[in-house]
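I have placed the structure first, in the form of structure tokens, so that the comments after it can refer back to it.
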Number of protein chains: 2
Amino acid sequence: MNAVKLTSTLTFRLGTLGAVLTDRFTARLAAHDLKPKHVGLLAVLDSGVAASQLDVAKIMSVAPSLVVSLADRLEELGAVRRERDPSDRRRQILTLTAEGRDLLAECARAAAELDAELLEGLDQEGAETLRVTLSTLARRTGLPAD
Amino acid sequence: MNAVKLTSTLTFRLGTLGAVLTDRFTARLAAHDLKPKHVGLLAVLDSGVAASQLDVAKIMSVAPSLVVSLADRLEELGAVRRERDPSDRRRQILTLTAEGRDLLAECARAAAELDAELLEGLDQEGAETLRVTLSTLARRTGLPAD
DNA sequence: CTTCATCATTCAGCTTCTGAACGATTTGGA
DNA sequence: TCCAAATCGTTCAGAAGCTGAATGATGAAG
């Protein structure tokens, strides 16, 4: 009883909306020849101390082998530096370079512009409430919540 | 100036959160041997009159050839009926069967359960505000907003 | 100093999806 | 009436993105 409408569930709505926004972000990133996961990796490095590739893989919930190829590309762009951990030479420590920080900032600005488009005409209060609520949901989902 | 943090943009947050929720939904759907897109197709048929495969493809923003394989599977499950449009025999009209409606309802219930898990402990008011805001955003993004 | 665990890397392959054929049908002129 | 172009569904090859199983290098434990 009280039949649920699929399209009004958060699960479906956040899923589809998230997909659309990711597509838009991907389109913006195309200019830099990057994918969202590349930027996600930059963000991980930015918001923490130096991390090994395996650490990054765990944080991103992604296979270690994927981190290799993401880091390959970012290293090639000069956005990331790869160094063996002196205290454990198996570990590759990834760190953001100055260029990497710039690149991340540029991508973040692109995302913010997409946000502005999305929220255009929405009341300021609603937007702020949305941010707070999503931050809460992100936190309890194990995602970066800032 | 006022540097934007990527992880706190809606673009990034909705993208990652949406991906997590879609993964969870996919896991629930595994029991029925369905993917979210199958259920999305059922939802399109449910919320409209009879539609041709091309109509569905446009609504779902997906290649027509993908609709073929989704419909193949759903037809095989008896959830969907395929009939040539008598007034234009090129068109394949897709309609929900009674089984299809049941299946959709079951999937919607699964999504609602995931919603409950996600919102557990969140204040009722915040949840309701979230629903309303997301509905608005869905509408202005060309997604089903109900 | 040998055995087992851990990390990065490569690579084969899976899944999901698209775009280019193609056949069947319809439409719009000449 | 007939033909050319457009439209719809279908098949199929293959791109894209990712995983999991090897492999080699290094480290830890006895």
Legend entry - Qualifying salt bridge (Lys or Arg N to Asp or Glu O under 4.0 Å) pairs with a residue from residues 132-146 of chain A, counting only residues at least two apart or across chains: none
Legend entry - Leading and trailing nucleotides of DNA chain D with any atom under 4.0 Å from heavy atoms of chain A: D:dG17 to D:dG27
Legend entry - Span of DNA chain C in contact with chain B (heavy atoms, under 4.0 Å): C:dT16 to C:dT26
Legend entry - Sorted by number, the residues of residues 39-47 of chain B with heavy-atom contact under 4.0 Å to DNA chain C: none
Legend entry - Contact list for DNA chain C against residues 66-82 of chain B - heavy-atom distance below 4.0 Å: B:L66
Inset, instruction - Pull out every residue in residues 14-29 of chain B that has a heavy atom closer than 4.0 Å to any atom of DNA chain C, ordered by number, or say none. - result: none
Legend entry - By side chain to side chain donor-acceptor pair (under 3.5 Å) - contacts of B:D72 (at least two apart): B:R82
Inset, instruction - Please list, chain by chain and in numerical order, all residues satisfying side chain to side chain donor-acceptor pair (under 3.5 Å) with A:T16, sequence neighbours excluded. - result: none
Legend entry - Any pair counted as salt bridge (Lys or Arg N to Asp or Glu O under 4.0 Å), so long as it reaches residues 9-23 of chain B, sequence neighbours left out: none
Inset, instruction - Mind jotting down which residue pairs meet the salt bridge (Lys or Arg N to Asp or Glu O under 4.0 Å) criterion with at least one end in residues 53-66 of chain A? Sequence neighbours excluded, please. - result: A:D55-A:R91
Inset, instruction - Sequence neighbours left out, what passes side chain to side chain donor-acceptor pair (under 3.5 Å) with B:D88? Give chain and number order. - result: B:R90
Legend entry - Sequence neighbours excluded, every pair satisfying salt bridge (Lys or Arg N to Asp or Glu O under 4.0 Å) that has a member inside residues 95-112 of chain A: A:R109-A:E113
